[in-house]
Amino acid sequence: MSAIEASAQSRVEHRAAAAVHPPIFRLAGVTKRFGGVTAVEAVDFDLRRGEVHAQVGENGAGKSTLVKLVGGLYVPDEGRVEVGGEVVQFSSPRDSEAAGIAMIPQELDLFLELSAAENLFVGRRRPRRPWGALDWRQMEARAREQLGALGVEFDVEAPVERLSMANRQIMLIAKALMGDAAAVVMDEPTSSLTEREAARLFRIIDELTARGVGVVYISHRLGEVFMVADRITVLRDGQHVRTAPASELDSEEVVRLMVGRSLDELFSRGGHEAGDVALEVRGLTRTGEFEDIDLTVRHGEVVGIAGLIGAGRTELAQTIFGVRAAERGEVLVDGEPVELDSPAAAMEAGIGYVPEERQSQGLVLPFTIAANISLSILGRLSRLGFVASQRERETADGFAEQLAIRGARVSEPVSRLSGGNQQKVVLAKSLAGGPQVLLLDEPTRGVDVGAKSEIYRLIDRLASEGRAIVLISSELEEVLSMADRVLVMREGRVSAELSREEATQERVIAAATGVAVGEDEGAEGAAPAASVDTER
Amino acid sequence: MSANQLRPLDVLKGVRFTRELVLLCLLIVLVVVLGQMSPVFFTVGNLLNTSRFFVEVGLIALGMTLIIITGGIDLSVGAAMALVAVTVGLAHQSGVPMALALVLGLAVGLAAGLFNGLMITRLDLHPLVVTLGTFALFRGIALGVSGGGAVSSFPQWFEYFGQFYLGPVPGQLFVFIAAVTAVWLLLSRTPFGRYVYAIGNNEEAARFSGVPVRRVKVVLYTGIGVLVSMAAVIYTSRVSTSRADFGAGLELDVISAVVLGGASIYGGSGTIAGTVLGVVIIATLRNGLSLAGVETTWQVFLLGVLLIAAVFVNEFFRRREE
Amino acid sequence: MSGVGALRSVGLRTAPTTRGLRRWLLRPEAPAAVFLVVLLAAFSLAADRFLTPDNLESILVQVAVLGIIALAVNQVILAGEIDISVGSMLGLCAVAVGTVATATGGLLAPLAAGVATGVLAGAVNGLLVTLGRIPSIIVTLGMLYALRGVILLVTGGTWITQIPDETRVLGLAKLAGVSLPVFVMFALFLIVNAVSRNSTWGRDVFAVGGNRRAARLAGLAIDRTRLLAFALVGAFVGIAATIYVGRAGSVQTNAGEGLELQVIAAVVIGGTSIAGGRGSALAPVIGAVLIGVILNGMILVGVPGVWQSAVLGALILLAVTTDALRRRLVGGAA
């Protein structure tokens, strides 16, 4: 019997017990607004003892807002947060932690210069020696113990900045489990884990639920969700759509609830004839990030790149764009070699890039919409060395109309726009230079469904105009529906190249996490990651 | 936020509560008060004469404004000024024609700035650390090569740079006005100026947008080197001497003027108009208080308090607006 | 548990034998320490009088004031802030020490007056930074002016002379053949090192300076941590001022001018990052000693004194360049 089957059985047992107790926590009709934007509206959500309650929804559906309401980072504008039946007011993460709700922190929240052991103890009671000094030996021993319980072992005295991404992720989980939490919130915990590490996490979840701990599980991977979850709550555009036992749902139904319409309506991708080769990448390498990448994209073609976080996709795109220095290899646009030393050179050669981090890499937030759009092409908009503001505004207006940027005039700061419209500004900026090759890195992250479908239509139109498009995305449906061809990256290498017909969820996930495609062909419907090796 | 909910401060929104406006009011108050305290202060001659003393600080402050907007800083300007002055002095003393000596001085100032810029961009070092190092280095070289001695006896025509008057107007005021205009145009009207603000607000996004971040920074630090050279020449001419202890503490006056003028030390905001007002206020304060018989001790004290208070008020209003 | 073995190899990127050396080389003060050893060797070969107990002791006495203040400023820099007001602060504390010393004599009363003055000034810095939310570089720049003004106001521009001998003990006396300032510097180093390593505040300083956002989420008392660091600077400046007055025997109104930059130089040369969060309590001491050795050695090998500042500047640049290159070679955070 595999670990997963065993856990499924044991879960049935304690699920019965869980229903007797009141929920560990409950959100009752919570609403949270930011300025004019409503992030979540009148959402109910509860977590019972010993259950795994999954939250699913598209980017921008309100999952992270809900998590932050539970975690004390946000205070709801309306509605209540209850813990153990009592209404509570969390004003800081400390409050929610004190109430027994542990969040897995983000990678950003690590202290890179401090050791792994110390990171686990920052902000907590640290073991001390009788005379009051901190007891490092005990701290390190307890850190090793905690990590050992998660089945890993590494140098806890070394600064965290020297740890691999996977070990950092496990450390973060360990940190959340340090206290005696009644509930653990896991937001995309497997996004940078390999299959084997993910399997270990699922075993930990079993152990937790067996002890009566409740787990909120948020993931894009429906296969995983169906594997671990007892109940599933679907969110869409900040609204609660449905909560139901996992056994009453299947993945098609969940996707339909998430998107709110059939996939065909959301995605638009006409059939286009691909033209000549537009972008050619040969043997591109940055040791430790990606190695020997070959990639060809034709005019009019959309090539999707799938893979785990940390597989090297973003690094690859940024190297092609000249933000990172290539160690080896070359990039050609329309047969001409590109100088790989600066974004300016890449843009000159006809490459555009929409970065993954909209706010930190895509936009200068205090700048106006127009100034953001024109930032890359100021030279061209200038006359006698001075910026021609008339021409600048006309260009910006043109893009605002073309991309339907709504919510503010181009002379207003870009920070006034909603996420989706901000993303359109980033797109406009990358289009301003008139690129023939467009690298899109998670172009729909954090935007609502409406803006999403507009962005898909735009991608389709750009392709039909003959541009070559590389679409990097962690949302599988997006890649599968939009791409003519899918490359899967794993640990810095291309692990599979699939045509539109060949590319299925199972195959892509298998290639991304390292299970041979051949073994996986028998896998059923939407449980792609279910073929976990059982280790012993 | 709904439009009908008027907060008290919204009423002021119509007046555009800008930093420059506050500074202008402050300057007017200062002038009126000082005028009351000293009859000499309120004469055109004195007001114009004051400008002789702020041109050196003012020129350098123009460059410093741009550097601070990018989130950088340059502590080495006072030392670089001494280095340029000493170069000019020693070159003249060793028989180099004065014109060539000035060119040499300019080259040294430019090289000093270029050195800062390359250290900061090529090695990815913090500007504070690099310019702290060159602060000591430049001053040290100036002291070392001059042996601590002074050079005077410059040719007669050299006095024009710092002692020339057109009617009642000191000559260097024209240089300053020209420089203000040029830097103002550069910052507010050209792609380069836009890049400066972009870098200060979000360096990473600027890089991702193809802004040549390193080149802009190198140009800025080299540029301030050129401004330092100009200031050094004017100062040397004004006092008819060149010495290695010139410009001691100058960096603090310059940074104070820029910050008083509303530039955020964290980068991203600042204007030439604000800096000019900052420079004038500090100069007025120093000059006016002297005339009014207030001891130098109070001037130093007031300058420090004014700096802290100005930034406090600035941050306070910035937070209110958010 | 075959899986654990596989993961272990992921966790450790280098073999255990090279790990110790590698870790040592990654310590912030390693380049400065190596450089210090090289310099000591070079000066010993170049000048006979260099490697004598007397000369080495006199170097340490020379840098005691600098080292003590740098120890505290190091904590401020680790916490992600900066303090450039210490030059004027030393002057003000020296005035306090001198005034009390001429009035009452003794050692404890002047010392207490110096420390109290320093803590007060440091607390003002800290409060303006934390409660006033003004950037520390501005606050301490302003205080650099303001405190110098206060000195002139208090003294009226005159020197304080005729400091009684019993007050000068801290600057001049020897214990077991070693001057008191050296003892004081090392005692304070041991205390700060222990506190930095083994107290909650000491660790919070690193966390607050390394990742402010994460520190806030972890619920650390960010303001209190920074406030304490600024106050500590004041206290140490007060102690240093007593040594300074003891050695000088008088207080001039320009006492401590330019000291702030030397202090930051000592901290940075020692290997603490100006950006905060990275460094150690040992760094400022090594930095200060390095400065002392180089200035002393230069004189012994016959370099004219006017070149001191140039050498100091070159040293700062060399230190930070080494650090930048080291990061590239050994590999820093990806």
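We name chains A, B, ... by the order of the sequence lines, and we start the count at 1 in each one. If you're wondering where the values come from, they're calculated on a predicted model, not measured in any experiment.
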Check: To the nearest 0.5 Å, what is the distance between CG (C:L261) and CZ (B:R139)?
Finding: 10.5 Å
Note to self: Here's a test for you: under side-chain contact (heavy atoms from CB on, under 4.5 Å), which of B:V129, B:L132, B:V130 qualifies with C:I274?
What the structure shows: B:V129
Notebook entry, point to check: Which residues in residues 67-74 of chain B have a heavy atom less than 4.5 Å from any heavy atom of chain C?
Noted result: B:I73
Item checked: Under 4.5 Å from any heavy atom of chain B - which part of C:L128 -> side chain
Notebook entry, point to check: Side chain, backbone, both or neither: which part of B:F138 has a heavy atom under 4.5 Å from chain C?
Noted result: neither
Note to self: Looking at every non-hydrogen atom in both residues, tell me the closest pair between C:W307 and B:I141 and how far apart they are.
What the structure shows: CZ3-CA, 4.1 Å
Notebook entry, point to check: Taking all non-hydrogen atoms of both residues, which atom of C:S309 and which atom of B:A136 are closest, and how far apart?
Noted result: OG-O, 2.6 Å
Checklist line | Spacing of CD1 belonging to C:I84 relative to CG belonging to B:L252, to within rounding of 0.5 Å | finding: 6.5 Å
Checklist line | Which atoms of B:I265 approach chain C - backbone, side chain, both or neither, heavy atom under 4.5 Å | finding: side chain
Item checked: Atom pair OG1/CG of B:T131 and C:L317 - distance to nearest 0.5 Å -> 9.5 Å
Next item on the list: Would you please name every residue forming a ring pair (Phe, Tyr, Trp, His ring centres under 6.0 Å) with B:Y197, sequence neighbours left out?
Entry: none
Item checked: Nearest atoms (heavy-atom pairs only) where C:V306 meets B:L143 -> O-CB, 3.6 Å
Item checked: Contact listing (chain B partner; residues 134-145 of chain C; heavy atom under 4.5 Å) -> C:I134, C:P135, C:I137, C:I138, C:V139, C:L141, C:G142, C:M143, C:L144, C:Y145
Next item on the list: Could you tell me which portion of C:V268 (side chain, backbone, both or neither) has an atom closer than 4.5 angstrom to a non-hydrogen atom of chain B?
Entry: side chain
Notebook entry, point to check: About how many Å separate CZ of B:F312 and CZ of C:R133, when rounded to the nearest 0.5 Å?
Noted result: 9.5 Å
Note to self: Could you measure the distance from the CZ atom of B:F301 to the CG atom of C:L153? Nearest 0.5 Å is fine.
What the structure shows: 7.0 Å
Check: Is chain B contacted by the side chain of C:I82, its backbone, both, or neither, given a heavy-atom distance below 4.5 Å?
Finding: side chain
Next item on the list: Against chain C, label B:L128 side chain, backbone, both or neither, depending on which of its atoms sit under 4.5 Å from a heavy atom there.
Entry: side chain
Item checked: Counterpart residues, side-chain contact (heavy atoms from CB on, under 4.5 Å), relative to B:L123 (two or more places apart) -> B:M119, B:L125, C:T321, C:A324, C:L325
